[in-house]
Number of protein chains: 2
Amino acid sequence: MKLIIDQINKVFENKTRLGIMSALMVNESVDFISMRELLGVTDGNLSSNISVLEHNKYIKVKKRFINKKTNTSFSITKVGRNAFQAHLNALEELLKWRLK
Amino acid sequence: MKLIIDQINKVFENKTRLGIMSALMVNESVDFISMRELLGVTDGNLSSNISVLEHNKYIKVKKRFINKKTNTSFSITKVGRNAFQAHLNALEELLKWRLK
DNA sequence: CAAAGCACTTTGATATTCAAAGTATCAATA
DNA sequence: TATTGATACTTTGAATATCAAAGTGCTTTG
C-alpha cells in the first residue's frame, strides 16, 4: 500500500488544483475568469494555485490583450497531463486495493 | 463543477489520512504498528493524522493491553464510512465531468 | 479628471504538516 | 536493583501551505 500512496502527488492534494487540472484535461485552454467561475473560487485563491501548477511545469500560462483588457489563459503541458494521469491511477489503485 | 468540488472533503486531502481510511474501509480493525507498516509513515505522522480523524469522529480508537504492552487499534465509524464514500463519489464525479 | 470597474497579483495572518524529541512502561543486563 | 535498551505511542514546533483581503495597473464612465 505504501507503494500506491507514494504515487499520490502532493501538488494535486488540493481542491482548487484538482479542479484546474480536471478542467484542463478536457479543455485545450481555459481563461482566468472562466476558470474562476467554473471552480467558484476567489481570484486570489485561483491566482496562487495557478502559480503552484505553473512552477511545477504542469500548466502553461499565456497572457495577451483582448480589446484592451488583459486576458490570461491556461493550458496543460505534456508533463502535467502525465503527472495528473499518474495521480489518478494511484487513486484508482487505492480503491482497487480496498477490494482485495 | 463547483458543486462537485464542494463535495471534496478537506480531511481526506492528505495521503496518510487517505491511506488510513482506505485500510479501515476493508479491515474491521487495524492496530497502530500494522497501520504504520502498511502506510510506511513515521509514528509521529500516523499519530497526528489519527487524531485528526478521531476528532472528526471518522474513526474510533481503542486502547488496551496485550501481554503487558499497550495496544492501540482503529476502526471506522458509520459517519466516517459515509463521509469517505461521499468523498470518493466526488472524485469519481470529477473524472466523469472530464468526459463530457 | 476623479471615481469606479476590471483583471489579475501579492501579502500575511492563520492553519497544516510531520519528524524529532519526549513520555511511560516493561525487559534485560550488569 | 540501578541502568540501559526496547517498545508503543504522543507532543512540540519549525517549516510549509492556504486563501481572502489588500494592492497594482490598467480602462472606462460620470
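Convention: sequence-line order gives letters A, B, ...; per-chain numbering from 1. In this text the structure is predicted, and so the values were computed from the model without any measurement.
Distance CG (A/Asp43) to C1' (C/dT10): 12 Å, rounded to an integer number of Å. The CD1 atom of B/Ile66 sits 15 Å away from the C1' atom of C/dC26 (whole-angstrom rounding). Residue A/Glu37 contributes atom CD, which lies 10 Å from atom P of C/dA7 at whole-angstrom precision. Taking atom CZ of B/Phe74 as the reference point, atom P of D/dA8 lies 13 Å away to the nearest angstrom. The distance between atom CG of B/Leu39 and atom C1' of C/dC18, rounded to the nearest whole Å, is 14 Å. Between the CG atom of B/Leu18 and the C1' atom of C/dT17 there is a distance of 16 Å, rounded to whole Å. Nucleotide D/dA20 holds its P atom 11 Å from the NZ atom of A/Lys15, rounded to whole Å. For B/Met35 and D/dT7, the CE to C1' distance is 19 Å, given to the nearest whole Å.
Mapped onto DNA chain C by nearest heavy atom, B/Asn49 and A/Phe32 fall at different nucleotides, with A/Phe32 at the one closer to the 5' end. Between A/Gly44 and A/Phe65, the residue anchored nearer the 5' end of DNA chain D, judged by the nucleotide with its closest heavy atom, is A/Gly44. Mapped onto DNA chain C by nearest heavy atom, A/Val61 and A/Lys10 fall at different nucleotides, with A/Val61 at the one closer to the 5' end. Of the two residues contacting DNA chain D, namely A/Glu13 and B/Ile50, the nearest-nucleotide position lying further toward the 5' end is that of B/Ile50.
Checked against the 6.0 Å centroid criterion, the rings of B/Tyr58 and B/Phe84 do not qualify as a close aromatic pair.
Between A/Lys69 and the phosphate of C/dA7, there is a side-chain N or O to OP1/OP2 separation shorter than 4.0 Å. At the phosphate of C/dT9, OP1 or OP2 sits under 4.0 Å from a side-chain N or O atom of A/Ser47. Contact annotation: A/Thr72 reaches the phosphate of C/dC8 (side-chain N/O to OP1 or OP2, under 4.0 Å).
Using a 4.0 Å heavy-atom distance criterion, B/Lys63 is classed as a sugar-phosphate-only contact. Looking at heavy-atom distances under 4.0 Å, B/Arg17 makes contact with sugar-phosphate atoms alone, never a base. Residue A/Ser48 is in base contact, counting any heavy-atom pair closer than 4.0 Å across all strands shown.
In the set C/dC18, D/dC19, D/dA20, the nucleotide with an atom closest to the side chain of A/Thr42 is D/dA20. Set against C/dA7, D/dT27, D/dA8, the side chain of A/Lys68 has D/dT27 as its closest nucleotide. Which of C/dA19, C/dA7, D/dC9 sits closest to the side chain of B/Asn45 comes down to C/dA19. Closest contact between the side chain of A/Asn14 and the listed nucleotides D/dC9, C/dT9, D/dT18 involves D/dT18.
When all heavy atoms of B/Lys10 and B/Arg17 are compared, the pair lying nearest together is O-NH2, 4.0 Å. For the residue pair B/Phe65 and B/Thr70, the shortest heavy atom distance occurs at CE2-CG2, 3.7 Å.
With A/Arg64 as the fixed residue, the side-chain contact (heavy atoms from CB on, under 4.5 Å) test singles out one of A/Thr72, A/Asp31, A/Asn71: A/Asn71.
The distance from the CG atom of B/Leu38 to the CD1 atom of A/Ile5 is 7.0 Å, given to the nearest 0.5 Å.
B/Lys60 places no side-chain N or O within donor-acceptor distance of the main-chain N or O of B/Thr77, the cut-off being under 3.5 Å.
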